[in-house]
Amino acid sequence: MNNVTAQILHRLSKAGDFLSGEELCLEFGITRSAVWKHIQLLRAEGYHVDAITGLGYRLSGLTGRPVEAEVAPFLNSSRFGRHILYHGVTVSTNLLAKSLAGDGSPEGTMVVADSQTGGRGRMGRTWVSPSGVNLYFSLILRPELPSIRVPQLTLLVAAAIHQALSSVAPDLDPLIKWPNDILLNGRKVCGVLCEMQSEPDFTHFVVVGIGINVNQTELTTELQEIATSLFLETGRLFSRPELLASVLNHFEPLYDAWLLQDDLGFILPYLEKYSLLQSKQVTVDQLKQTISGKVSGISPGGELMLDGKDGQTLLVSSGEAHLRKEHFN
Ligand code: BTN
């Protein structure tokens, strides 16, 4: 959707009633026939726009897709989500965002897709991305920080998603599973994949990719054991534009605060309060080894802290954590 079409959609959606063709002409500095063309483009996108002689145009329904014009009314961020590139289908929003970032797109640029044909998860896994139901989006960031701090972003994003889920569905009890998952009743509802291009002292860009299972009503047998959606947990449908905006509204102030800090210290109490792993026995699978211990917390640098066998504290900076069996129930 081009920018003027999106702005007209936003304007009609805010008005909630008829807006005359003349008002739109004046506001956007375009002719009546140009206004008509934009209305036709909106209709082609699936929007129902009433056109009545003497009254003008009225939007009689939104599509519920996470497009800029439907997200914007819920946003209170200043940068994040103010420029959304929406695709009905793409291979992976992370792939697209990385290419845009490499071409110089500014911080805050977002790629959103209704579905992905090659959604990517951590550790080379795929992220199942059916159309019309979930959120798949990637945000370009350009933190002026050494790359060593970038892994902390995953936890910061997890905190923002946790806050967003708690605000749109206060009856839910989401937990953060270090470093990048959000779980509901023991099943994964959201994953974060941060990818960066950097030199040791300079971060060129980070792409924060987020997938949230929102209104998905069915999961493959394989996924049923380990994954869920907001709908499957509550029996209710959620507005994808509103949830997307809420994630960005929560993330932007956290990100701005983090840029001014040395580490994650300011958000640690929150992360630990809602940590699935806190005080639990876990094993963490890494590329070449497995580490076990009882989780004593998260370090300001974002590492998982384990009490090891002989009383020493182990700092784990990467890997996949698993709860020991005795903690499953
Ligand atoms: C994980 O838990 O393994 C991370 C999953 C991240 C999935 C999201 S969906 C939007 C973005 N595009 C991708 O290809 N992956 C991320």
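We number each residue from 1, following the sequence as shown. Both ligands and their constituent atoms are indexed starting at 1 by order of listing.
Summarising the hydrophobic clusters (Ile, Leu, Val, Met, Phe, Trp, Tyr; side-chain heavy atoms under 4.5 Å, direct or chained), the residues clustered with I52 are F18, L55.
Using a cutoff of 4.0 Å between basic side-chain nitrogens and carboxylate oxygens, R187 and E233 are not scored as salt-bridged. Remark: R11 engages E27 in a salt bridge, criterion side-chain N to carboxylate O under 4.0 Å.
Inter-residue side-chain proximity for L306 and V316 is flagged as met; some heavy-atom pair is nearer than 4.5 Å.
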Anything under 3.5 Å between a donor and an acceptor, one on a side chain of residues 201-211, the other on a protein residue two or more places apart or in another chain? List them.
from : atom 1 : to   : atom 2 : distance (Å)
T203 : OG1    : L145 : O      : 2.7
H204 : NE2    : E199 : OE2    : 2.9

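Enumerated by chain and number, the residues approaching ligand 1 to less than 4.0 Å through a heavy atom are S92, T93, N94, Q116, G119, R120, G121, R122, W127, Y136, F137, S138, N180, D181, K188, G191, V192, L193, G209, I210, G211.
Applying the side chain to side chain donor-acceptor pair (under 3.5 Å) test to every pair with at least one member in residues 153-164, sequence neighbours left out, gives these pairs: H162-Y270.
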